[in-house]
Student: 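One structure, pasted below without further comment.
Per chain, numbering begins at 1; letters A, B, ... match sequence-line order.
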Amino acid sequence: MIQEQVARTIKQILGTNEVTFNIPPKREFGDFSTAVCLAQARVQKRPPLEIARDLADELSKRRLPFIREVTVTPPGYVNFKIDHPRYVGSVIERVRRRGADYGRANVGRGRKVLVEHTNVNPNKAMHIGHLRNAVIGDSVVRILDRLGYKVEAANYIDDTGVQVADVVVGMLYLDEPRYDGESEDTSQIWAKYDGSVPFDYWCWDLYARVSQEYETNEELKAKRAEVLHLIEKQNNPVARFAKELATKIVKAHLATVGRLNVYYDLLNWESDIYERGFWKAAFELLKQRGAIEFETEGPNAGCWVVRFGRGLIHTDEGIRSEDKVLVRSNGTVTYTGKDIAYQMWKFGVLGRDFLYKLWGIQPNGKELWTTAPDGIELDRFGRANKVINVIDVRQSYTQQVVYDCLRRVGFVREARNSIHLDYEVVVLSKAAAAELGAEVEDDGSEIQAMSGRKGLGVKGDDLINAMVNRLRDNVRSPENAEILAAAAIRYFMSRISTGKMIVFDFDEALRTTGDTGVYCQYAHARACSILRKAGITGFGKVRVPEQVTLPEQNLVKKIAELPAVMRKAGRELSPTPLARYAFELATAFTDYYERPDPDAAEQVPFIKIQDPVLRTYRLALVDAFRQCMANCLDALGIVPLEEI
RNA sequence: GCGCCUGUAGCUCAGUGGAUCAGAGCAUCUGACUUCGGAUCAGAGGGUCGGGGGUUCGAGUCCCUCCAGGCGCGCCA
């Protein structure tokens, strides 16, 4: 913030809009510097050194807060020396004053953002790829909330797709006793689940078995189409069975991500999108605005399509049209078509709405609502200014089609405010896949995609359980093990930027030393412990000594960065900068803890310092760190532990 | 065929066109302390930032090109 103030002033003086800072090679030059005059030389057509001298003079006259001295070094750098005692005092004071709000800002000005994430098919247990989605999505929700946006977290439930149908087929028809095709009583079917493993785990195996069986069993495959049709038709025993199954799985999913401190405001069911006639409304709009055409010839004859690209193209699999089919020749709507309608709803421009029901109260104390056929009308959901869809990168093309269709219908602003937050997938190494018992093809590739159909993947709960097991013996309570495991996994998923594929490795994921969530929690708990042992309940006036040591300077500088890092995370829609920052902050604190005064003959523990002024000051700095770290972890969806 | 993403130390990854911007962790090796919490800390070795060209006073960062790997371009969802 000290640099931001300087940047503002320089922008004013020079009339530039870009001022960046860096650290000088020698400490004598100053605490930070800028090369803005080198760039200015080109614009002003004057020697950079001359510009720098004028700028330094002007800056000295204006007496910037917390700047002790402004100097110039060739070929035109302007260096700043910080008035450390006053600066440290002000940072400590600011963090204490704002408390849990330190790091918050109001750049969003209350604008509403709908963030949709997780979106896992409700037919089997979540795997670690789904965990990555949930962690990124939930972190973005938290970051935008802290930046002053009104955020709505939605989780879309595709309860009418083939994936659910497949597991329904499995339960109804794979093993004896088989469903008679019409009975309302499905208790015998439900009795097939013996409770030996969690239901979502059981479905994981069942789904793999069904998929396998389809390859040879034509009769069963015929059941798939039949079941899918019944689910789409609604109001029949099979559809009700499917909904019950999906609901059970959704509960399992919510429990899994709940372990990682992930929560939502609304569950949006695909069945309700059909039920409420979303597509009909969107179809009318698309036709009215001429965004969609009925094809009478070519490969897409009989379909309603959106024109894309330049007609027929060559792909590896032959010639096909680049146009996107929204309504098939048999009259059914494609996934993309339905998605266009749904995207319009998110902005409140569809002219239709869901009905809503309270699902329950989540462990974080917040209400979770769901769409429901028998719900009530409410005007609080959707109607967003901006929509962020957290979906893996493989759906980039389809997402762009959806947004472009909004634009073609005339919702230009909505299309522009539609953001596909794409992230790379989590895959397994061939070795890891083999370890999980998969038949690994030797196709020259080092990686193996996870596959629900093959039952190949690492389940989310298995990863969390493995982490809990690793930590259990070194924590005070099972609850702490759970929180620490969540911290480790969220940090692991957050520190890698969204554009990078994660080739999953158990050893790397379960690491507890070095650059990990455990280290960050440890630093926080240590600070809490120090304050506890010092018997500090509150601080009065803190007097900062004339000589601020290097570790103190570094720690204070880091603490002061949180608001800027938060804004960066918001700009990039990524938890990565915050994860990085949490580790650097922890490192700066540990440095300070180990050697608060490197020049002193002996490092005296804070709580044993005799001089009450120095003791209070050092502990106040510990407290500022504690608050800053807690806020940072909280934004990452990690519950800060006061003891481990 | 077209489009998007990735390539930085043995491994996993950070890195706003600006000087210490060649960084962190893991792994390896050498050390520290009967602790304000050792899940820690100090130190060492380890680099053609995929290759080449360009723009610039200055490029890991921007542009072009090539190479390697991944993904996408369904009347699947």
Student: Between the side chains of A:Glu643 and A:Lys533, is the shortest nitrogen-to-carboxylate-oxygen separation below 4.0 Å, so that they form an ion pair?
Tutor: no
Student: Within the structure shown, what part of the strands sits under 4.0 Å from A:Phe583 by heavy-atom distance: base, sugar-phosphate, or nothing?
Tutor: sugar-phosphate
Student: Counting any heavy atom closer than 4.0 Å, what does A:Asp591 reach on the DNA or RNA strands: base, sugar-phosphate only, or nothing?
Tutor: sugar-phosphate
Student: Reckon A:Leu471 touches a base, only the sugar-phosphate, or nothing at all at heavy-atom distances under 4.0 Å?
Tutor: base
Student: Within this structure, what is the CG-to-P distance between A:Asp339 and B:rA77, rounded to whole angstrom?
Tutor: 12 Å
Student: Between B:rU12, B:rG37, B:rG72, which one does the side chain of A:Arg495 approach most closely?
Tutor: B:rU12
Student: Is the phosphate of B:rG37 approached by A:Ser529 (side-chain N or O, under 4.0 Å from OP1 or OP2)?
Tutor: yes
Student: With sugar-phosphate meaning primed atoms plus P, OP1 and OP2, does A:Tyr519 contact a base, only sugar-phosphate, or nothing at under 4.0 Å between heavy atoms?
Tutor: sugar-phosphate
Student: What integer number of Å spans the P atoms of B:rG58 and B:rC66?
Tutor: 26 Å
Student: Between A:Tyr335 and A:Thr398, is any side-chain donor less than 3.5 angstrom from a side-chain acceptor?
Tutor: no
Student: Could you state the atom-to-atom distance from CZ of A:Arg595 to P of B:rC41 in whole Å?
Tutor: 10 Å
Student: Side chain of A:Lys500: nearest nucleotide among B:rC36, B:rA14, B:rA77?
Tutor: B:rA14
Student: Sticking with atom C1', work out how far B:rA68 lies from B:rG51, rounded to a whole angstrom.
Tutor: 11 Å
Student: With the threshold set at 4.0 Å, does a side-chain nitrogen-carboxylate oxygen contact exist between A:Arg307 and A:Asp323?
Tutor: yes
Student: Rounding to an integer number of angstrom, what distance separates B:rG43 and B:rC26 when you compare their P atoms?
Tutor: 14 Å
Student: Check whether any side-chain N or O of A:Ser497 sits under 4.0 Å from OP1 or OP2 of B:rC13, and answer yes or no.
Tutor: no
Student: Any base atoms under 4.0 Å from A:Ala449, or only sugar-phosphate, or nothing? Heavy atoms, all strands.
Tutor: nothing
Student: Assess whether one donor atom and one acceptor atom, taken from the side chain of A:Thr334 and the base of B:rC75, lie less than 3.5 Å apart.
Tutor: no
Student: Rounded to whole angstrom, note down the C1' distance from B:rG23 over to B:rG47.
Tutor: 11 Å
Student: Is there a side-chain contact between A:Ile530 and A:Arg526 in this structure, where contact means two heavy atoms from C-beta onward sitting under 4.5 Å apart?
Tutor: yes
Student: Round to a whole Å and report the spacing from CZ of A:Arg132 to C1' of B:rU12.
Tutor: 13 Å
Student: Have a look at A:Arg470 and say if it touches a base, only the backbone sugar-phosphate, or nothing, with a 4.0 Å heavy-atom cut-off.
Tutor: nothing
Student: Considering only side-chain heavy atoms of A:Arg580, which listed nucleotide, B:rC26, B:rG23, B:rC41, is closest?
Tutor: B:rG23
Student: Could you check which of B:rA77, B:rG70, B:rC71 has an atom nearest any side-chain atom of A:Asp158?
Tutor: B:rA77
Student: Could A:Glu552 and A:Arg618 be called an ion pair, given the rule that one side-chain N must be under 4.0 Å from one carboxylate O?
Tutor: yes
Student: With P as the reference atom in both, quote the distance from B:rA9 to B:rC49 in angstrom, rounded to an integer.
Tutor: 10 Å
Student: Looking at B:rA39, I'd like to know if its phosphate oxygens (OP1 or OP2) sit under 4.0 Å from a side-chain N or O belonging to A:Tyr522.
Tutor: yes
Student: Expressed in whole Å, how much space separates the P atoms belonging to B:rC57 and B:rG72?
Tutor: 44 Å
Student: Mind checking if A:Ser396 touches a base, just sugar-phosphate, or nothing, with heavy atoms under 4.0 Å?
Tutor: nothing
Student: Would you say A:Lys608 reaches B:rC36's phosphate, i.e. side-chain N/O to OP1/OP2 under 4.0 Å?
Tutor: yes
Student: Looking only at atom P, what distance separates B:rG50 and B:rU6, rounded to whole Å?
Tutor: 12 Å
Student: Tell me which nucleotide, if any, is Watson-Crick or G-U wobble paired with B:rU12 when both distances must be under 3.5 Å.
Tutor: B:rA24
Student: Whole-Å distance between B:rG25 C1' and A:Arg511 CZ?
Tutor: 5 Å
Student: Please determine, for the side chain of A:Asn300, which listed nucleotide (B:rA39, B:rC75, B:rG37) has the closest atom?
Tutor: B:rC75
Student: OG1 of A:Thr118 to CD1 of A:Ile391: how many Å apart, nearest 0.5 Å?
Tutor: 11.5 Å
Student: Which base sits across from B:rA68 as a Watson-Crick or G-U pair, both distances under 3.5 Å?
Tutor: B:rU6
Student: Which heavy atom in A:His253 sits nearest to a heavy atom in A:Val120, and how many Å separate them?
Tutor: CE1-CG1, 3.6 Å
Student: Report the distance from atom CD of A:Gln448 to atom C1' of B:rG69, rounded to the nearest whole Å.
Tutor: 16 Å
Student: Tell me what A:Ile644 touches on the nucleic acid: a base, only sugar-phosphate, or nothing, going by heavy atoms under 4.0 Å.
Tutor: base
Student: Under 6.0 Å from the CD atom of A:Glu572, do we count more than 12 heavy atoms belonging to anything else shown?
Tutor: yes
Student: To the nearest angstrom, how far is A:His420 atom NE2 from B:rC73 atom C1'?
Tutor: 15 Å
Student: Under 3.5 Å for both donor-acceptor distances, Watson-Crick or wobble: does B:rA19 have a partner, and if so which one?
Tutor: none
Student: Partner lookup for B:rG1, please. Criteria are Watson-Crick or G-U wobble with both distances under 3.5 angstrom; report none if nothing qualifies.
Tutor: B:rC73
Student: Would you classify A:Asp505 as touching base, sugar-phosphate or nothing, given that sugar-phosphate means primed atoms plus P, OP1 and OP2, and contacts are heavy atoms under 4.0 Å?
Tutor: nothing
Student: Applying salt bridge (charged side-chain N to carboxylate O under 4.0 Å, His left out) between A:Asp166 and each of A:Lys223, A:Lys221, A:Arg453, report the one that passes.
Tutor: A:Arg453
Student: Using heavy atoms to find the nearest nucleotide of RNA chain B for A:Leu484 and A:Pro577 separately, return the residue whose nucleotide is more 5′.
Tutor: A:Pro577
Student: Would you say A:Arg328 reaches B:rC76's phosphate, i.e. side-chain N/O to OP1/OP2 under 4.0 Å?
Tutor: yes
Student: Where the side chain of A:Thr512 is concerned, which of B:rG37, B:rA39, B:rC41 is the nearest nucleotide?
Tutor: B:rA39
Student: Students often get this wrong, so: under 4.0 angstrom with heavy atoms, is A:Val333 touching a base, only sugar-phosphate, or nothing?
Tutor: nothing
Student: Searching all strands shown, indicate the nucleotide that pairs with B:rU61 (Watson-Crick or G-U wobble; both distances under 3.5 Å).
Tutor: none
Student: Please state how far atom CE in A:Met629 lies from atom P in B:rG37, giving the value in whole angstrom units.
Tutor: 17 Å
Student: Round to a whole Å and report the spacing from NZ of A:Lys430 to C1' of B:rG70.
Tutor: 13 Å
Student: Would you kindly compare A:Gly302 and A:Gly514 by the position of their nearest RNA chain B nucleotide and give the one closer to the 5′ end?
Tutor: A:Gly514
Student: Which nucleotide in the set B:rG37, B:rA77, B:rA39 lies at the smallest distance from any side-chain heavy atom of A:Arg526?
Tutor: B:rG37
Student: Determine, for A:Arg532 against A:Glu642, whether the closest basic-nitrogen to carboxylate-oxygen distance falls under 4.0 angstrom.
Tutor: no
Student: How is A:Glu584 classified with respect to the nucleic acid when contacts are heavy atoms under 4.0 Å: base, sugar-phosphate, or nothing?
Tutor: nothing
Student: Counting only side-chain heavy atoms from C-beta out, which of B:rA24, B:rA42, B:rA14 sits nearest to A:Ile496?
Tutor: B:rA14
Student: Please pick, from B:rC5, B:rC41, B:rC75, the nucleotide with the shortest atom-to-atom distance to any side-chain atom of A:Ser329.
Tutor: B:rC75
Student: Counting the atoms with a prime plus P, OP1 and OP2 as sugar-phosphate, which does A:Tyr397 contact under 4.0 Å by heavy atoms, base, sugar-phosphate, or nothing?
Tutor: sugar-phosphate
Student: Taking the same atom, P, in B:rU8 and in B:rG54, what whole-Å distance lies between them?
Tutor: 24 Å
Student: The side chain of A:Val162 lies closest to which of these nucleotides: B:rC71, B:rA39, B:rA77?
Tutor: B:rA77
